[in-house]
Amino acid sequence: MKDAVAALFEKALDQLVEEGIIQVTDRKPVKIENTRDPAHGDLATNIAMLHAKSAQMAARAIAELIIDKLPPSEMIRHAEIAGPGFINLYLAQKITFEPVISCLKHNKKYGNHGGTNERIQIEYVSANPTGPLHVGHGRGAAYGATLVNLLNARGHDVEAEYYVNDAGRQMDILAVSVFLRYLENAGQCISFPTAGYRGDYITDLGNRLLQNSSISPQITFNELLQNVIADTEETKDAHIDGLIKNTKHCLGEEWRQPFNLALAAILSDIKSDLSEFGATFDQWFSEKSLVESGEVDAVIATLEDRGHLYEKAGALWFKSTNFGDDKDRVIRKDNGETTYFTSDIAYIANKLTRGFNRIIYIWGSDHHGYIVRIKAAAQALGFNPERLTIRLVQFANLYKDGERLQMSTRSGSFVTLRALRAEIGRDACRYFYVMRKADQHLDFDLSLATSQSKDNPVYYVQYAHARICRVFESIDETPFDQTRGINHLTDLTTQEELDLATTIGLFPEVVKRAADGLEAHLVCYYLQDLAADFHRWYNGNRLLVETLEVRDARLALAKAVQIVIRNGLALLGVSAPRSM
RNA sequence: GUCCCGGUAGCUCAGUAGGAUAGAGCGGCCGCCUCCUAAGCGGCAGGUCACAGGUUCGAUUCCUGUUCGGGACACCA
């Protein structure tokens with residue numbers, strides 16, 4: 001519709017130039033904007049001001065000429081010059097209600113856009129499977145899941161993926177932690193390493209290992225301590241590495257039992273947690289599979305062939321400084337092990353050859369230093385780094401009773417996502433997590449969120465939906481006739497009704513902007529605006545009036561609001577309750 | 001030291017492809033239920049958009065500098 005209006009202005013401008021009335025050396029495209037203030041009409045354009053300079057005329061004079069040449073259209077009721085040279089447009093009332101009709105027609109698809117043929121992969125959460133998800137992961141999950149919905153609504157072909165870090169040292173630490181709890185459960189006296197994982201879930205896993213495994217229990221903790229440096233603050237890493245080495249040696253093939261048990265149990269917990277949270281994935285990609293398939297070695301060879309590697313101090317380095325990084329990065333340590341970064345390079349290579357036009361990563365903001373690095377790797381492998389988009393999510397700070405809660409997976413004193421959901425519910429969780437810009441700190445006040453008070457904006461939006469449902473339930477005798485309602489929409493003349501229709505019309509644009517800019521929070525603000533428009537209208541006007549034409553027109557408008565709220569909340573993964 | 005993110009109402013925050021009188025929620029004050037859910041609505045008060053330059057017809061928005069706050073900078077994952 002805006003495009004059609006813009007075309008009218010282009011035509012008028014063309015004519016003025018053609019007739020030589022104005023000379024424009026720097027022609028700019030016409031932009032039609034929504035007005036912020038109803039006093040400025042429905043739409044506005046600054047086209048006259050943009051050309052004032054090159055035409056060497058006053059903006060208001062140009063505006064006058066343009067309005068003069070504007071081709072007649074039934075869309076525009078009135079055009080006027082305002083302020084320094086804006087042209088404000090008042091739409092025909094019929095046009096104002098067009099979005100309502102469109103919304104009723106498309107229903108669940110209202111707000112969606114046509115297919116773009118763009119294949120996008122989005123990777124999110126990807127937390128190490130070393131423990132349950134905590135509230136910090138929750139934000140990435142909520143943000144990523146909402147983006148998946150938004151990008152789908154935008155018409156892209158989206159694939160969501162979780163990268164499982166099931167290889168590497170952290171997993172070894174996990175396995176040895178479980179094994180030590182196993183020994184402890186078996187009655188041995190152990191001293192648990194400082195660098196081990198300490199949560200209760202580790203003890204539970206140790207217990208399960210004891211009950212289900214076929215590990216021969218002769219191994220003693222003292223054996224594992226052979227030649228291992230003492231566990232002090234300075235040597236805790238070397239200490240646990242020694243324990244890992246000895247445990248692997250003592251257990252041999254059986255090492256896989258604590259390892260696999262822990263991985264399977266924790267991953268399955270993460271999967272169900274995310275699923276209950278409404279965060280879905282098309283693919284769970286294993287880091288281990290990259291190692292086992294030889295892709296890690298292959299990518300090292302490729303980098304070697306391309307001349308991006310060198311050796312120094314016994315380690316193999318990637319010359320990432322050639323691609324803007326501020327220092328080179330180790331690919332293979334002097335002890336022969338590859339680093340997590342090496343796997344990441346193999347992973348990005350794998351992703352980039354799977355046919356996606358665009359690859360989106362959602363990372364915790366503490367990873368911001370890796371952006372340059374991963375793009376450098378992509379570039380070194382011959383790919384265009386522009387295909388990668390990396391979005392950082394600031395961790396959420398959790399507050400309770402005005403006090404900030406400390407979180408640490410290692411110490412076990414963290415608050416899990418599961419616990420958070422249990423306390424405040426999925427809806428409030430999902431909404432709160434994304435209502436702030438992702439790269440901003442989020443203070444998550446548990447006391448406030450658990451209070452279930454009206455301060456919670458999610459209730460405000462849901463309440464509007466529930467109210468509309470109740471209205472429809474209260475219809476007596478003559479049922480709602482949508483066609484009759486649509487035919488009489490122009491009977492609705494109050495400012496509240498016109499505002500609502502206009503706001504409904506903004507929804508597809510909001511979806512587009514939010515998807516294109518990866519800004520999920522826009523949906524929250526939009527829904528709060530829409531709900532506010534509705535509550536204002538509802539409060540001052542009775543919907544179920546005697547005159548059926550007016551009643552059904554109002555019901556048609558209310559139904560459109562209901563559809564948009566439902567669709568908008570669905571994007572956020574929040575339910576639209578029929579009653580509250 | 002280098003690099004990110006930010007500084008907008010008492011508080012928490014929206015708002016930039018540059019536009020008109022800068023918005024919302026909460027908190028404060030004053031009102032509104034014989035009526036489809038008052039988990040709601042209306043009104044009032046509250047601002048040198050951190051500071052200083054620059055670009056522009058026009059800057060909260062873009063550029064530069066300053067300042068303050070948060071974070072990141074491993075042969076860790």
Just to be sure I understand the rule, does A:R169 reach a base, reach only the sugar-phosphate, or reach nothing, if contact means heavy atoms closer than 4.0 Å?
sugar-phosphate

What's the base orientation of B:C33: syn (chi within 90° of 0) or anti?
syn

Which residue lies toward the 5' end of RNA chain B, A:S579 or A:H367, if each is placed at its nearest nucleotide?
A:S579

Electrostatic pair A:D241:A:R169 at N-O distance under 4.0 angstrom:
yes

With a non-hydrogen cut-off below 4.0 angstrom, is A:Y538 in contact with a base, only sugar-phosphate, or nothing?
base

Candidates B:G15, B:A20, B:A17 - which lies nearest the side chain of A:K31
B:A17

For A:H521, report the nucleic acid contact type (base, sugar-phosphate, nothing); a contact means any heavy atom under 4.0 Å.
sugar-phosphate

Look only at the side chain of A:T547 and the backbone of A:E549, and say whether a donor-acceptor pair between them is shorter than 3.5 Å.
no

If one requires at least 3 consecutive Watson-Crick or G-U pairs with distances under 3.5 Å, the stems of RNA chain B turn out to be B:1-7 with B:67-73, B:10-13 with B:23-26, B:28-32 with B:40-44, B:50-54 with B:62-66

Could you check whether A:A44 gets within reach of a base, just the sugar-phosphate, or nothing at all, counting any heavy atom under 4.0 Å?
base

Is there a donor N/O on one and an acceptor N/O on the other, under 3.5 Å, for the side chain of A:N46 and the base of B:G19?
yes

Does any N or O donor sit under 3.5 Å from an N or O acceptor when you compare the side chain of A:N88 with the base of B:A20?
yes

Over 60° means perpendicular and under 30° means parallel, so classify the ring planes of A:W537 and A:F534, tilted if in between.
perpendicular

Whether A:D326 and A:R329 form a salt bridge (side-chain N of Lys/Arg under 4.0 Å from carboxylate O of Asp/Glu) is what I want to check.
yes

Would you indicate what A:D439 reaches in the nucleic acid, counting non-hydrogen atoms under 4.0 angstrom: base, sugar-phosphate, or nothing?
sugar-phosphate

Under 4.0 Å, heavy atoms only, any strand: does A:A59 hit a base, just the sugar-phosphate, or nothing?
nothing

Could you tell me whether A:K236 and A:D231 have a side-chain N and a carboxylate O separated by less than 4.0 Å?
no

What are the two closest heavy atoms between A:N88 and A:A44, and how far apart are they?
OD1-CB, 3.4 Å

